[in-house]
S.K.: 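The structure follows.
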Amino acid sequence: MASIVGEVDNTMQDPRRRAPLVTGQHDAASITRSVASIAEIPVDQTPLGWYVGFGISATITAILGFAVFWLLFNGVGVWGVNNPAGWGFAIINFVFWVGIGHAGTLISAILFLFRQHWRTAINRFAEAMTIFAVICAGLFPGIHIGRVWLAFYLFPIPNQMAMWPNFRSPLLWDVFAVGTYFTVSLLFWYVGLIPDLATLRDRATNKWRKLIYGALAMGWTGSMRHWHRYERAYLILAALATPLVLSVHSVVSFDFAIAQLPGWHTTIFPPYFVAGAIFSGFGMVVTLAVPARQWCGLKHIITLRHLENMNKVILATGSMVGYAYAMEFFIAWYSGNSYEQFAFINRAMGPYAWAYWTMVSCNVISPQLFWFKAIRTSVPAMFIVSIFVNIGMWFERFVIVITSLTQDFLPSSWDYYTPTAFDWLTLLGSFGLFFTLFLLFCRFLPMVAIAEVKAIMPGAHGAHGHGHGDEHAEHAPAMEAAR
Amino acid sequence: MSHASPKTVAVSTEPGALAYYLLEFETPDAIRSAARRVNEAGWTRWDTHTPYPIHGLDATMGVRPTVLPVIVFVCGCLGALTGLALQWWANASDPANFKFIPTFLQGYHFLISGKPYFSLPANIPVIFELTILFSAFGAVFGMLGLNFLPDLYNALFNSRRFARVTDDRFFISLDARDPRFDERKTREFAETLGAAVVEDVRHSPWTAPPQWMVHVGVVASIVALVPLALIARSWTAKSPLPRFHIVQDMDNQERYKAQMENPIFADGRATRLPAEGTVAIGELYEDTHYWYGLVDGKPAETMPERVELNEALMERGRKLFDINCSACHGYDGAAYGAIRVRADAIGNVLAVRSFYERSVMEKSVGHLFNTITNGFQTMPAYGHRVSTEDRWAIVAYVRALQRSRSASVDDLTTEERARLR
Amino acid sequence: MAHSASIEASNIDFRGHAPRLVTAARMLGLIGLVLTAIVGVAAISMGDGHARESIWRAYVANLCYFTAIGLGGLIFVLIQHATRAGWSVSVRRLAESTAGALPTMAMLAIPIVVVMLLSLPGIEEVYPWLKSGYDRSNAAYLNKPFFAIRMVVFFGIWIWLANFFVNSSVLQDQTGDVRLTSRMESRCYPGILLYALTSTFFVIDMLMSMNPHWYSTIFGVYYFSISFVNNVSVMALMIFFLHRAGFMRNVVSNEHLHDVGKLVFAFTVFWAYIGFSQYMLIWYASLPEETFWFMARQSGPWLYLSILLILGGFFIPFLGLISRHPKRRAAALAVGAAWVLVVHWFDILWLALPRANPEAGAVTISGTTLVFDLVLSLTAMIGIGGIFASAVLQRLGSASLVPTRDPRLNEALAFHNF
């Protein structure tokens, strides 16, 4: 009973029926084929485009290696950080990359809890994106400490100096939050991968592939008794990852908000950072999904409707960020506190006004274009907006970190922060690392959660639907569909 | 969907015992109704295998809800407690109460920005993260453990047909270990279940790993212990070498230190002199009696007015004398300190003055103060390491020592005289 | 489809039962308001300086509490349309009924605006910016005429939104017009924006401006978390009572109950997250201009209330509702929901009652004031709550309990959790 779905415009809005999530004539076998075959291309048939992309990003990663080596060799003086801006690109890039990661967890965990079945098409590579983004993020605090060989001071490891970390420092909370986030994201990703790794194992024709995928699949047989515990574990992980993802960017916001610095110390920071993180992450997912579906032939799985839905999330979270900006400005005025008022007027009119207005136009204004369906469903337009969102969110962190630090309470200590070439090279290099990892992932692992997509196809559960009981025995299976 | 007479496959050619009957189905509905019948027939060791979880099939099979949520809850509680205990221990516990714990494991009071040692609001983020971390470990490893994964050997993989279980086919495996299993009867039963195919799955013969793999394994295991052994050794070993200094720049920076030459300034000094005619705050030493022990350019005969003679001053003088002076002059001032004794023993000459020599007894307090401050002959200067107030305390104590050797009966009170008599 | 037949008219028609309940609730409400007036006059005439304001604080607190439930219903409906939710169609009318009580809340807000305009005794102590000498820079925002205009705007927007969404939904019962669903979908997005702004400024005006020196940017989000959790709790209670009375039994299943329970649980955690974020940031930075507000809530009787909120607002519902079993049993969930509603009533009192002074921190109040505070809060709760309940019941009784011709109703009826 292979499913037969007609070619439909699946962005239509007819409340009477749900749009199909997989377009074209597909059944379980063809889904397996179309996803798994990407990871199975023999080495000698790898498209030239992949090599070109990999070559470029690996070169940029080498630049990162050089920039980090130079930093460690010479000390943090090679960066533009100095009093009063003791925090520069390192913290900006850290917050930026952690934020990018948040969309992956939102898709894999929160949309799962909300039963948004369209997530299955994009969750795998969004989760991969999370992991790679957190790797890029973790790099920055690691090298920022200067003496990386003493990085273990960050962890509560008993040592001969009898030295413990200060647990009341938000920077230590970051260590725990980002560490937990990385671990849980990796586990979540891996658990989701197990059935698909088993698919690759079972399709493998080459001994090494069979061995490696077989070892990673851990002997998965698709046993229903296993699926039963697996599904429960997956649900629990989603329920754990949801508060976790909120906590991670909240803790990151605490780095700033527990201070007394105007522009940093404001109570809306935790939810505002979380909304901003998801916003930037979805920007990155769209940036990656648009070319990936094009080049990998996945347009029938990552359909226009998926992209439209993501654009709606961008619009929603972008508006939340706009709400937070407005609230900060209003309360700064309402408070009557002259330092607060100065901090915000200075952002908009001070020496960094260029950064501020870049941020506002990219973050608040550009996503508003998504109110129009024509733009929301136009692939080139959404690609451009998603790039703007990425830029805007990087500048948001720049504005928060730099404007408050360089112009604090004491005018005699004011200064203008100028990043050096090594700041820029490290930022650029982190993108190289991210794309290198992402290209390797696209090449060797299933980009789409094969088993999950099969489970949301019409007829996947038979005519008896969710056969928990008999009272609903006759409901049509077409309910499983996009919201 | 009419598979009344399933195709029978030839018995597996591989040697070994019968492990499973494997039934292949093409639709979820077919496997659902077959699974219901197997469950109703009372089977316990059997399973269904599907490319994706089919809603409700677990209930049809009679699978009971998993205990996993309880495991996760317990792990989460453990994580919360760990977070709380770790933070209290590291930053708020009093080592005095835990002397039996080795020093490197002891916590201590860690004062930061005036916050209480045990600051619950600040401890919540770490408690929360550890709760999540432990719960996630419980969920993932609990799931794998309950499923007995990773599974190194499963006879089902001997079936080529079974490769489609991760693609688009649905299977039921009837395990030969089930008490109801009977080679003939079970086969007959299996053939009534509407499967497209019924296949025998047999165990593969045991093949020993190649010899080279064993050798490599043994060597690798031993090599893996070396770093652990080195770590264990360095926990106890002592070394006279300084610790590794990988990159020097952070410790030995390029900068001018005091007394170095600096070409930037005309006078070539790195250390700058104060501007002419200025005095730094707290450095105007007008009271020469107090600061230098001089009155009108001569050594003072009396203690300065700012130094109040009292019990506390004498006690402080004694303490500082014992620390700074007794090594040479001896605790009693008779010039037999530990260094002097040692010098005599090895035949060196160490010129130390006894306080009870007449020339020393006759010196004014200003003179003694000056000697302590600037040193005299072989005696080094102490002005830079003992504060002015404290030097006067030492002078007072030295005077008291001298007095103790030349006291007369008149110095005693009537009571004390009565006691001595 | 097969299910449409299973919804029998009697099962979802509350019309016959509503009028009696509406009258009872309205009587209760009037009694409560009369009692409030009597005790309030006593407080103004007999009480000390702090008791004079008790009546206004109690009234504003309960006004905010019940408005929160109505706003929670409104945002619930808006979000369901925005996400084109299928599962919630069968319970959506319950949220529509609480949102439908917002016009009544507007009536109940009029007295407080009038009291402000007339500067009746005690009100200036509640809102110090009403005093004639008030000259902080935010006086441009906090002043009588602008406050009154804002209240008109806020309630106007809410009434307009609630009427549009409730009436369209009811109209669909008769016409079955699918375009109504599309129209509600396209209007809900600007509706959510309007909701976010109006709800935030409403609570800034009503509760945060009681200390015009104090400010917190997260305050609007805190109120949102209370509204949402209160509304879903009210929905859980409604399902319990309607089931007991024999209504909606085969329309709202345990699956829907489970989802409502999950929302109660999730937003309890969300509330704790927002509350903790606000407290921790102010505690850590320790700026006197911010901490005095919490100092007032950590001293005297309010300390016990703060502890109650931590335990009762987070730990008890968290542990009680974490398992799936209580969420799938109407009675157990009703107990949890009632608990949450009671705790958040105290939560609003915690926002409204403690007197704080930016210079002195906590203001000590006498035992008499405390008694007046609590008695008046209780009578005002009966009064405003009764009127609110009567409005909700009236809405429930004015149409069927389920949007019978919603295009996604079948999906809701067939809905199952994972």
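Naming: A, B, ... by sequence-line order, numbering from 1 per chain. All figures in this text were calculated on a predicted structure; none of them were measured in a lab.
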S.K.: In a check of side-chain contact (heavy atoms from CB on, under 4.5 Å) between A:Met224 and each of B:Ile31, B:Thr60, B:Ile172, B:Leu57, which one passes?
M.R.: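 Between A:Met224 and the candidates, side-chain contact (heavy atoms from CB on, under 4.5 Å) is satisfied uniquely by B:Leu57.
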
S.K.: Relative to chain A, which segment of B:Phe110 carries a heavy atom at a distance below 4.5 Å: side chain, backbone, both, or neither?
M.R.: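 Answer is both: backbone and side chain atoms of B:Phe110 are under 4.5 Å from chain A.
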
S.K.: Would you indicate whether the side-chain heavy atoms of B:Thr50 and A:Trp227 approach each other to under 4.5 Å?
M.R.: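 Counting from C-beta outward, A:Trp227 and B:Thr50 do come under 4.5 Å.
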
S.K.: Decide yes or no on side-chain contact (heavy atoms from CB on, under 4.5 Å) for B:Asp151 and A:Met218, but give the supporting numbers first.
M.R.: CA-CA 6 Å; B:Asp151 187 1; A:Met218 298 197 295; over 6 Å; no

S.K.: For B:Asn91, which atoms come within 4.5 Å of any heavy atom of chain A: side chain, backbone, both, or neither?
M.R.: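 Interface part for B:Asn91: both.
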
S.K.: Side chain, backbone, both or neither: which part of B:Gln106 has a non-hydrogen atom closer than 4.5 Å to chain A?
M.R.: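 Contact with chain A is through the backbone of B:Gln106 alone.
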
S.K.: So how far is it from B:Cys75 SG to A:Leu240 CG, rounded to the nearest 0.5 Å?
M.R.: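 It comes to 10.5 Å.
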
S.K.: Tell me whether A:Lys454 contacts the main-chain N or O of B:Asp167 through its side chain, where contact means a donor paired with an acceptor under 3.5 Å.
M.R.: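 Yes; at least one donor-acceptor contact below 3.5 Å.
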
S.K.: I'd like to know which of A:Ile236, A:Thr32, A:Thr180 tops the heavy-atom pair count under 4.5 Å against chain B.
M.R.: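 Highest number of heavy-atom pairs under 4.5 Å: A:Thr180.
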
S.K.: Measuring from atom CZ of A:Phe176 to atom CG of B:Leu130, what distance do you get when rounded to the nearest 0.5 angstrom?
M.R.: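 Going from CZ on A:Phe176 over to CG on B:Leu130, the span is 5.5 Å.
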
S.K.: In terms of heavy-atom proximity below 4.5 Å to chain A, should B:Pro121 be classed as side chain, backbone, both, or neither?
M.R.: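 Answer is neither: B:Pro121 stays 4.5 Å or more from chain A.
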
S.K.: To the nearest 0.5 angstrom, please state how far the CH2 atom of A:Trp220 sits from the CG atom of B:Leu149.
M.R.: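 Answer for the CH2-CG pair, A:Trp220 versus B:Leu149, is 7.0 Å.
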
S.K.: Side chain from CB out, backbone as N, CA, C, O: work out which of these in B:Phe148 comes under 4.5 Å of a heavy atom of chain A, or both, or neither.
M.R.: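 When you check distances to chain A, no heavy atom of B:Phe148 falls under 4.5 Å.
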
S.K.: Any non-hydrogen side-chain atom of B:Phe104 less than 4.5 Å from a side-chain atom of A:Asn159?
M.R.: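 Heavy-atom side-chain distance check fails, nothing below 4.5 Å.
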
S.K.: Return the CG to CZ distance between B:Leu133 and A:Phe182, rounded to the nearest 0.5 Å.
M.R.: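 Result: 12.5 Å between the selected atoms.
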
S.K.: For the residue pair A:His461 and B:His55, categorise the inter-ring angle as parallel (less than 30°), tilted (30 to 60°) or perpendicular (more than 60°).
M.R.: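 A:His461 vs B:His55 ring planes: parallel.
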
S.K.: Would the distance check show the side chain of B:Tyr52 and the main-chain N or O of A:Gly222 forming a donor-acceptor pair, the cut-off being under 3.5 Å?
M.R.: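 Absent.
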
S.K.: Between B:Ser173, B:Gly142, B:Pro125, which residue shows the highest count of heavy-atom pairs closer than 4.5 Å to chain A?
M.R.: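 Among the listed options, the one with the most contacts to chain A is B:Pro125.
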
S.K.: Report yes if some heavy atom in the side chain of B:Glu129 is under 4.5 Å from a heavy atom in the side chain of A:Val251; otherwise report no.
M.R.: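 They are in contact (side-chain heavy atoms under 4.5 Å apart), so the answer is yes.
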
S.K.: Taking the side chain as C-beta and beyond, is there a heavy-atom pair between A:Asp202 and B:Val165 under 4.5 Å?
M.R.: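 Answer yes - side chains close enough.
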
S.K.: With only heavy atoms counted, which part of B:Pro95 is less than 4.5 Å from chain A, the side chain, the backbone, both or neither?
M.R.: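 For B:Pro95, there is no contact with chain A at all, as no heavy atom is under 4.5 Å.
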
S.K.: Name the option with the most non-hydrogen atom pairs under 4.5 Å to chain A; the candidates are B:Phe128, B:Trp89, B:Phe171, B:Phe137.
M.R.: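 Result: the option with the highest number of such pairs is B:Phe128.
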
S.K.: Do A:Pro195 and B:Thr166 come close enough that some side-chain heavy atom pair is under 4.5 Å?
M.R.: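 With C-beta onward as the side chain, the pair stays apart.
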
S.K.: Is the shortest heavy-atom distance from the side chain of A:Tyr181 to the side chain of B:Ile132 under 4.5 Å?
M.R.: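 No, every pair of side-chain atoms sits at 4.5 Å or beyond.
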
S.K.: How many angstroms lie between atom OG of B:Ser135 and atom CG of A:Leu244, to the nearest 0.5 angstrom?
M.R.: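 Interatomic distance, B:Ser135 OG to A:Leu244 CG, rounded to 0.5 Å: 10.5 Å.
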
S.K.: Contact part of B:Leu144 toward chain A, heavy-atom cut-off under 4.5 Å: side chain, backbone, both or neither?
M.R.: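 B:Leu144 touches chain A through side-chain heavy atoms alone.
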
S.K.: To the nearest 0.5 angstrom, please state how far the CH2 atom of B:Trp46 sits from the CZ atom of A:Arg225.
M.R.: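 It is 6.5 Å, given to the nearest 0.5 Å.
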
S.K.: Donor-acceptor pair, A:Arg229 side chain versus B:Val67 backbone, under 3.5 Å?
M.R.: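 Here the side-chain-to-backbone pair does not exist.
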
S.K.: Are any non-hydrogen side-chain atoms of B:Tyr108 and A:Trp164 less than 4.5 angstrom apart?
M.R.: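 Yes; the side chains approach each other to less than 4.5 Å.
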
S.K.: Of the listed residues (A:Leu237, A:Asn166, A:Ile31, A:Ile258), which shares the most heavy-atom pairs with chain B below a 4.5 Å separation?
M.R.: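 Maximum pair count with chain B is reached by A:Asn166.
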
S.K.: Is it the side chain or the backbone of B:Arg160 that comes within 4.5 Å of chain A heavy atoms, both, or neither?
M.R.: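 The answer is neither part of B:Arg160.
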
S.K.: So do B:Thr48 and A:Ser223 actually touch side chain to side chain, heavy atoms under 4.5 Å?
M.R.: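 Not in contact.
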
S.K.: Only one of A:Glu231, A:His226, A:His228 clears side-chain contact (heavy atoms from CB on, under 4.5 Å) with B:Pro53; which?
M.R.: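 In the set A:Glu231, A:His226, A:His228, the residue that makes a side-chain contact (heavy atoms from CB on, under 4.5 Å) with B:Pro53 is A:Glu231.
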
S.K.: Between A:Ala29 and B:Asp168, which heavy-atom pair has the shortest distance, and what is it?
M.R.: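 So the two residues come closest at CB-OD2, 3.4 Å.
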
S.K.: I'd like to know if the side chain of B:His49 and the backbone of A:Thr221 have a donor-acceptor N/O pair within less than 3.5 Å.
M.R.: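 Present.
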
